[in-house]
Protein chains: 2
Amino acid sequence: MAKELKELTKRADNYSQWYNDLVVKADLAEQSAVRGCMVIKPYGYAIWEKMQHQLDLMFKETGAQNAYFPLLIPKSFLSREAEHVEGFAKECAVVTHYRLRAKEDKSGVEVDPAARLEEELIIRPTSETIIWNTYKNWIHSWRDLPLMCNQWCNVMRWEMRTRPFLRTSEFLWQEGHTAHATREEAEAEAQKMLHVYADFAEQWMAVPVVQGVKSETERFAGALDTYTIEAMMQDGKALQSGTSHFLGQNFAKAFDVTYLNKENKPEYVWATSWGVSTRLIGALIMTHSDDNGLVLPPKLAPIQVVIIPITKGAEQLQAITEKLSPIITALRNAGISVKYDDADNKRPGFKFADYELKGVPVRLVMGGRDLENNTLEIMRRDTLEKETVPVDGIVERVENLLKEIQDNMFKKAKAYRDAHIYECDNYDEFKEKVKEGGFFLCHWDGTAETEAKIKEETQATIRCVPFGVEQTPGTDMVSGKPAKCRVIIARSY
Amino acid sequence: MAKELKELTKRADNYSQWYNDLVVKADLAEQSAVRGCMVIKPYGYAIWEKMQHQLDLMFKETGAQNAYFPLLIPKSFLSREAEHVEGFAKECAVVTHYRLRAKEDKSGVEVDPAARLEEELIIRPTSETIIWNTYKNWIHSWRDLPLMCNQWCNVMRWEMRTRPFLRTSEFLWQEGHTAHATREEAEAEAQKMLHVYADFAEQWMAVPVVQGVKSETERFAGALDTYTIEAMMQDGKALQSGTSHFLGQNFAKAFDVTYLNKENKPEYVWATSWGVSTRLIGALIMTHSDDNGLVLPPKLAPIQVVIIPITKGAEQLQAITEKLSPIITALRNAGISVKYDDADNKRPGFKFADYELKGVPVRLVMGGRDLENNTLEIMRRDTLEKETVPVDGIVERVENLLKEIQDNMFKKAKAYRDAHIYECDNYDEFKEKVKEGGFFLCHWDGTAETEAKIKEETQATIRCVPFGVEQTPGTDMVSGKPAKCRVIIARSY
């Protein structure tokens with residue numbers, strides 16, 4: 001049977017290796033010839049397309065419009081916002097020339113020194129600077145506000161240690177950039193988009209998330225506040241899965257973007273930005289998948305149902321295909337994506353393992369006996385439970401099962417997550433327990449010193465001050481100083 | 001009334017300036033701070049999204065799957081295919097460093113000389129090289145073929161003279177890259193995709209195109225054959241609107257991509273690539289639009305119907321809005337995109353001009369008298385004809401009108417195009433007439449010398465050997481040598 005299965009590392013043996021194996025074996029992505037950049041293969045990209053489609057609808061419902069801004073950013077733009085340049089100049093791809101020429105010995109091409117740019121250009125690590133430089137021309141009066149643009153694009157950060165989807169030099173994402181007349185409106189927008197991300201994560205990805213606000217240290221470079229959704233992976237580590245930033249007037253001031261208010265007086269514009277990336281695919285994998293491979297939530301699975309005939313000879317195959325044909329049509333008419341795999345060069349056992357590896361939520365099998373009995377074998381990927389069911393009513397049964405799988409995956413992930421959130425008031429206990437993973441709700445004195453000490457001694461970081469948690473003041477477990485509230489501390493990706 | 005209208009240059013006065021004006025005034029795009037790179041504004045991007053959506057469906061129907069390959073290409077990859085490097089090395093953005101650092105005087109940032117890349121990276125001008133380097137790992141046996149991937153992405157070519165949509169340093173496009181077991185299959189694929197492009201241009205953009213094959217001089221760098229769709233703009237110039245390349249085994253050989261055939265013998269793979277870009281928006285503009293602004297085909301218009309109330313006072317506005325509300329709902333339920341513009345800070349005349357400028361296909365207006373009479377004024381953008389019609393049956397009327405506009409726009413463009421295609425056998429006559437624009441069907445001796453002479457003396461180029469034209473041998477009008485067939489010669493964008 002399936003070679004792939006045997007080769008997939010077990011999670012218990014090496015979680016990190018299991019992840020890397022799975023990404024490649026399930027045909028999601030692979031390393032490219034360019035350091036730290038991945039190729040997203042068709043199956044992986046199909047998941048991203050489903051994510052994009054749904055997120056795009058949700059963004060547009062909030063009034064955002066898509067647009068496109070240049071890939072390259074003049075070097076000087078980065079410097080305009082002091083924290084921004086600090087955060088992004090250290091890891092960026094720099095374009096210095098605009099031409100190659102043949103080498104004298106004809107052995108290849110080399111940079112043409114005559115084609116040096118007057119000012120170097122940076123491949124966007126994020127687009128606040130170029131967008132706010134553009135918004136300057138678009139915003140004149142309060143009637144031009146709010147302005148809400150989103151772009152789907154590639155960005156580049158020169159990461160030293162990369163892992164597919166989780167951290168790559170180039171990645172795909174969306175970045176929303178909004179401009180508002182008032183502080184209140186901008187703050188509300190940043191929080192609204194955080195809720196959109198949380199809804200998407202929970203309802204579409206079946207990934208439960210904690211919403212919260214980052215500490216000052218962990219803020220986006222140039223933001224006054226960074227809101228985050230934090231998901232817990234199966235190894236108990238946190239994965240920051242989406243962020244939404246309240247940028248105050250920092251970029252408006254850096255690029256001199258003012259508007260005339262209703263009293264005809266100029267005021268600086270208030271800003272937000274928000275983004276999620278192909279990192280979400282990493283979150284999807286590490287929340288749900290198992291030692292057999294991917295487990296995909298039905299709402300984002302490129303193939304929702306695979307149908308496999310098991311036959312002896314061409315005659316029986318024809319009879320089974322005839323029987324299945326109206327079922328396939330009916331499922332597709334119900335909006336379900338179906339793959340019928342009657343390829344004759346792979347054994348059923350190989351196919352079973354392969355579709356398990358790829359996380360197809362529902363598998364239907366029809367063999368000779370099923371044909372006689374007017375039945376099908378139905379298997380759900382999340383629990384691997386099998387059942388023989390009548391052909392009659394199969395569409396409704398599959399529809400219900402897809403919903404049930406979606407619900408079950410969320411419940412299971414949430415139960416796991418909730419069982420690994422701990423209140424902790426003792427630093428020694430924390431240091432021991434944090435090695436095993438989990439989210440730790442601890443009182444924090446609010447200082448960067450304590451934060452740095454925790455990070456240095458435990459590799460754990462303050463993920464956020466969580467929303468929706470009843471907070472009481474207490475004592476910082478590290479410094480012993482008074483603390484206003486508990487934060488979530490965890491090791492993270 | 002509308003300032004914009006007065007400022008839009010007339011086509012007859014300066015066609016080129018009219019185009020540049022219109023792109024900006026209709027909110028499609030604008031120059032960015034980066035040389036030769038444009039910002040695609042929300043309204044322009046919405047057109048691109050509609051194009052993408054339809055093209056993506058059409059590609060997937062042919063069996064192509066989307067994927068994503070790296071933005072950056074190692075310099076050495078370009079050199080592997082001799083013609084390819086020749087064609088693209090001269091105009092590419094080169095990444096040489098991966099870090100900036102603060103200047104000593106703190107006045108900004110500069111390239112960190114310690115962060116020089118061992119091998120420079122090129123921002124993809126097209127992705128054959130990186131993709132074929134990847135395909136090497138994906139293709140082993142005949143069972144892996146055909147392999148058909150497409151990617152939607154940005155590319156960069158360092159153009160010296162740029163114009164929005166028509167020629168920009170960065171542009172958005174799709175590039176399909178397919179791998180086949182046989183020459184015949186690859187050639188058929190290249191032609192099939194050309195037909196897909198032609199169908200899209202004619203049925204969705206309402207832009208008639210000539211399909212044909214390029215001369216050797218005009219081929220894509222690395223192709224054995226380049227197929228093209230050529231559209232005629234209102235000034236008689238040709239716009240190459242999409243190309244599909246039969247690449248032979250050039251890239252398979254350059255990147256050593258072989259497969260085991262059914263006899264278990266290794267053979268080089270056959271390739272195609274095909275692409276269309278945001279240039280299509282330029283084709284759309286210059287085929288249909290007029291001195292009042294854009295004229296958009298209903299199938300690609302972001303707003304298909306705008307509804308404007310003309311009222312005296314809030315009470316009447318409320319009555320009219322109540323009357324219109326079920327109409328708006330009914331139109332939307334019929335799948336029509338509707339904008340209801342009851343903004344009180346712009347006069348109706350300004351709105352009329354603005355939606356004409358933006359090319360909205362159908363305008364509905366309701367005033368006080370309409371309210372009394374249960375009527376609406378309906379205007380079609382393509383002919384500017386107005387009519388007063390009953391509210392009853394308005395949805396069906398609008399649906400029919402949208403179809404009629406789509407048809408009419410194609411017919412009108414085709415009639416114009418056909419009236420400007422000339423058979424020409426006399427070079428002196430050609431030299432005179434080509435100044436006025438148009439497509440010239442001329443016998444060509446097949447030599448690059450004649451082609452170069454025509455280009456030098458008239459700035460016109462051989463656009464293609466057209467398909468579907470009855471061909472008879474004849475005499476080359478320039479050289480007097482025998483010619484197998486007529487080609488299309490025109491000045492072009």
Side-chain angles (χ1 to χ4, degrees), chain A residues 30 32-34 37-42 44-46 48-49 65-79 85 89-102 107-111 115 120-123 130 133-134 137-138 143 149 151 153-154 156 158 170 172 345, chain B residues 30 32-34 37-42 44-46 48-49 65-79 85 89-102 107-111 115 120-123 130 133-134 137-138 143 149 151 153-154 156 158 170 172 345:
Chain A
E30 64 182 36
S32 77
V34 183
C37 296
M38 63 179 164
V39 172
I40 306 180
K41 299 181 78 172
Y45 199 83
W48 180 238
E49 278 183 305
Q65 294 179 294
N66 287 333
Y68 188 76
F69 298 86
L71 171 71
L72 299 178
I73 297 178
K75 188 189 66 178
S76 59
F77 278 25
L78 274 193
S79 315
V85 67
K90 282 174 194 153
E91 46 173 37
C92 60
V94 190
V95 177
T96 56
H97 293 75
Y98 57 85
R99 192 164 61 222
L100 299 175
R101 65 178 185 189
S107 68
V109 282
E110 63 185 5
V111 170
E120 294 89 353
L121 298 165
I122 309 307
I123 298 181
I130 189 99
N133 186 65
T134 309
N137 303 321
W138 295 3
R143 288 198 180 267
C149 288
Q151 76 174 349
C153 66
N154 52 347
M156 184 155 261
W158 209 265
E170 182 189 14
L172 303 183
N345 64 321
Chain B
E30 65 181 38
S32 76
V34 184
C37 297
M38 63 180 164
V39 172
I40 306 179
K41 299 181 78 171
Y45 198 84
W48 180 237
E49 279 184 305
Q65 295 179 292
N66 287 332
Y68 188 76
F69 298 87
L71 170 72
L72 298 178
I73 297 178
K75 188 190 65 178
S76 59
F77 278 26
L78 273 192
S79 314
V85 66
K90 283 173 192 154
E91 45 173 38
C92 59
V94 189
V95 177
T96 56
H97 292 74
Y98 57 85
R99 193 165 59 223
L100 299 175
R101 64 178 187 190
S107 69
V109 283
E110 64 186 4
V111 171
E120 293 88 354
L121 299 165
I122 309 306
I123 297 181
I130 189 99
N133 186 67
T134 310
N137 304 321
W138 294 4
R143 287 197 182 269
C149 289
Q151 76 175 348
C153 65
N154 51 347
M156 184 155 262
W158 209 266
E170 183 190 13
L172 302 184
N345 64 321

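The sequence lines fix the lettering, A, B, ..., with proteins before strands; numbering per chain opens at 1.
- For B/N66, the parts lying under 4.5 angstrom from a heavy atom of chain A are both the backbone and the side chain.
- Distance CD1/A/I123 to CD1/B/I123: 4.0 Å, rounded to 0.5 Å.
- The candidate with the highest count of non-hydrogen atom pairs below 4.5 Å against chain B, out of A/S79, A/P42, A/A93, is A/P42.
- Using a 4.5 Å cut-off between heavy atoms, B/L72 touches chain A through backbone and side chain atoms alike.
- Interface residue B/M38: only backbone heavy atoms are found under 4.5 Å from chain A.
- For chain A, the nearby part of B/W138 is the side chain; its heavy atoms alone come within less than 4.5 Å.
- When side chains are defined from C-beta on, B/L100 counts as touching A/C92, because their heavy atoms get closer than 4.5 Å.
- Looking at A/A46, neither its backbone nor its side chain comes within 4.5 Å of chain B, counting heavy atoms on both sides.
- Of the two parts of A/E91, only the backbone, made up of N, CA, C and O, holds a non-hydrogen atom closer than 4.5 Å to a non-hydrogen atom of chain B.
- For B/E49, the part sitting under 4.5 Å from any heavy atom of chain A is the side chain, from C-beta outward, and nothing else.
- Of the atoms belonging to A/Q151, not a single heavy atom falls under 4.5 Å from chain B.
- Within the 4.5 Å cutoff, side-chain heavy atoms of B/N345 are placed close to those of A/R143.
- The shortest heavy-atom contact between A/E110 and B/K75 is CA-NZ, 4.0 Å.
- Scanning all heavy atoms of the two residues, the minimum distance from A/F69 to B/E170 falls at O-OE1, 4.5 Å.
- Only the side chain of A/V34 comes within contact range of chain B, judged by heavy atoms closer than 4.5 Å.
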